[in-house]
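Note that the coordinates shown come from a computational prediction; the quantities given were computed from them, not determined experimentally.
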Amino acid sequence: MAVETRIIQPDQLEEAVTLLKQGECVAFPTETVYGLGANALDAKAVAGIFAAKGRPADNPLIVHIYSLDQVMDLVGDYHPLANTLMERFWPGPLSLVLPKSHRIPDIVSAGLDTVAIRMPDHDLALELLQRANLPVAAPSANISGSPSPTRAEHVLQDLNGRIPLIVDGGPTGWGVESTVLDCTCLPFRILRPGGVTVEQLQQVAEIAVDPSVFHNGVVEKPRSPGMKYKHYAPKAEVVLVLGDRIQEKINLLAHSPEFAGRKLGVLAASEHLEAYSGLTVFDMGPELEPKIAASRLYNLLRTVDQQGLDVVFVEGFTENEIGMALMNRLRKAAGNRVIQS
Ligand code: AMP
Ligand code: MG
């Protein structure tokens, strides 16, 4: 049966605290994207997250905490270098995959013997976690496969009638999900790039990047189960264009027979907005500022659908720093449609 979904403001946070303690799911903002949280120690509560999102049962959840003191209870023995990373990067967009303790129900870790943990860098999220005084399992608060929500209204678009409450904290900061770092192997390995970059992590430890990060579309057996699904994709077909002559290539493609009669759009850097004819153009921000592009990406992908476009071309960005996370999400959204210019 459908539930009524209410949106509350930060000064009504107590309602969210109460629901979490009662084993319900609540959507709340973090510095990355909106999360859909439930008590991580309560298997039934966590089952509610999978049901609301339509999330495959083999895709594990990230557990959110507000204090380093909570870690010990949730994990088994781990490499001390992980402590250095916690001290340096928490609170922040870095999820550490560690051996799990018996307190974490199997549903949270999707049957793996590891668990991903992070401390979000967002006042409202931290206050919610602290007042509930629980570890909270929280994936992105979208229907599985669609672009992650960066505003309360995105959560409502996807989960209206499926969850009781959304805490509206305004637009999120980073706009892409956390970096997922496997700390159960040496060197530690990035399974999903995010706000904490390889360059930053490498200042503290030797870091490997899993090849799936650079893979288009679906990977059959990734170390991070979530990365095998088509992700972050709007209903419109996404065509990612890379190389030195991107604008020229997109204009050529847009006027080719393959795309005739279809409603076309392009996500372009601010410098190139005038370069296109016959397409609806969306501004990703300056070419050399992938951080701005990352913060706009999911909202733009949702806007593309709202405008009823059939196809959206996307200009590739450079892959360094936060650009690695941006390009990873774009490759996943594009599936097999990655074209070199
Ligand atoms: P989401 O919560 O929607 O941002 O997705 C969480 C991501 O973290 C997915 O890609 C998961 O596969 C990954 N993840 C969570 N827990 C683990 C784990 N124990 N081992 C590997 N990857 C994980
Ligand atoms: Mg997600």
Side-chain angles (χ1 to χ4, degrees), residues 1-8 15-30 32-65 74 95 100 103-112 114-118 120 125 128-129 132 134-169 172 177-178 180 192 218 222 224-235 298 302 305 332:
M1 203 181 67
V3 291
E4 186 200 350
T5 304
R6 294 175 51 245
I7 299 189
I8 59 166
E15 292 189 46
V17 173
T18 305
L19 284 175
L20 279 181
K21 286 183 170 167
Q22 289 172 348
E24 299 283 344
C25 299
V26 170
F28 62 96
T30 76
T32 58
V33 300
Y34 274 74
L36 180 61
N39 179 356
L41 304 180
D42 177 347
K44 196 158 159 253
V46 172
I49 296 177
F50 283 88
K53 281 178 60 77
R55 184 173 175 104
D58 66 352
N59 192 0
L61 307 182
I62 295 168
V63 175
H64 293 67
I65 58 171
L74 306 175
S95 300
K100 86 177 183 82
R103 295 207 65 198
I104 302 281
D106 281 343
I107 186 169
V108 171
S109 60
L112 299 175
T114 56
V115 62
I117 300 187
R118 89 173 189 103
L128 177 63
L129 295 169
L134 291 168
V136 169
S140 49
N142 53 322
I143 290 284
S144 257
S146 76
S148 294
T150 55
R151 303 174 181 198
E153 72 205 54
H154 298 162
V155 181
L156 193 67
Q157 281 166 12
D158 276 20
L159 299 180
N160 192 14
R162 293 168 165 257
I163 59 170
L165 201 71
I166 302 168
V167 182
D168 185 353
T172 56
E177 303 80 353
S178 61
V180 177
R192 177 179 75 182
V218 175
S224 179
M227 298 318 272
K228 84 170 172 238
Y229 296 104
K230 186 166 189 228
H231 252 87
Y232 321 114
K235 295 186 184 69
Y298 291 140
R302 282 176 183 262
D305 280 345
K332 301 285 170 196

Salt-bridge test for Asp42 and Lys21: reply yes if a basic N is under 4.0 Å from a carboxylate O, no otherwise. no
Name the residue from Leu134, Val46, Leu74, Leu41 that meets the side chain to side chain contact (heavy atoms under 4.5 Å, CB included) definition with Val63. Leu74
So Arg55 and Leu61, side chain to side chain contact (heavy atoms under 4.5 Å, CB included) or not? Walk me through it. CA-CA 10 Å; Arg55 184 173 175 104; Leu61 307 182; 3.3 Å; yes
Check: [Y] and [X] side chains under 4.5 Å, non-hydrogen atoms:
{"X": "Leu129", "Y": "Pro120", "answer": "yes"}
{"X": "Asp106", "Y": "Lys100", "answer": "yes"}
{"X": "Arg118", "Y": "Thr32", "answer": "yes"}
{"X": "Leu159", "Y": "Ile143", "answer": "yes"}
{"X": "Leu128", "Y": "Val17", "answer": "yes"}

Closest non-hydrogen atom pair between [X] and [Y], with its separation:
{"X": "Leu36", "Y": "Ala52", "answer": "CD2-CB, 4.0 Å"}
{"X": "Ser146", "Y": "Arg302", "answer": "OG-NH2, 3.7 Å"}
{"X": "Leu112", "Y": "Pro60", "answer": "CD1-CG, 4.1 Å"}
{"X": "Ala40", "Y": "Val108", "answer": "O-CG2, 3.5 Å"}
{"X": "Val136", "Y": "Phe28", "answer": "CG1-CE2, 4.2 Å"}
{"X": "Thr5", "Y": "Ile163", "answer": "OG1-O, 2.7 Å"}

Ser140 side chain to Glu177 side chain, donor-acceptor N/O pair below 3.5 angstrom: no
Less than 3.5 Å apart, any donor N or O on the side chain of Ser95 or Ser178 sitting next to an acceptor on the other? yes
Measuring from [X]:[atom1] to [Y]:[atom2], what's the distance to the nearest 0.5 Å?
{"X": "Ile8", "Y": "Leu165", "atom1": "CD1", "atom2": "CG", "result": "4.0 Å"}
{"X": "Cys25", "Y": "Asn39", "atom1": "SG", "atom2": "CG", "result": "10.5 Å"}
{"X": "Lys53", "Y": "Asp158", "atom1": "NZ", "atom2": "CG", "result": "8.5 Å"}

Test item: Tyr34 side-chain N/O and Thr172 main-chain N/O as donor-acceptor pair under 3.5 Å: no
Using only atom types and a distance under 3.5 Å, with no angle test, would you say the side chain of Asp168 pairs donor to acceptor with the backbone of Ala152? no
Between Thr18 and Glu15, is the side chain to side chain contact (heavy atoms under 4.5 Å, CB included) condition met? List the steps. CA-CA 5 Å; Thr18 305; Glu15 292 189 46; 5.8 Å; no
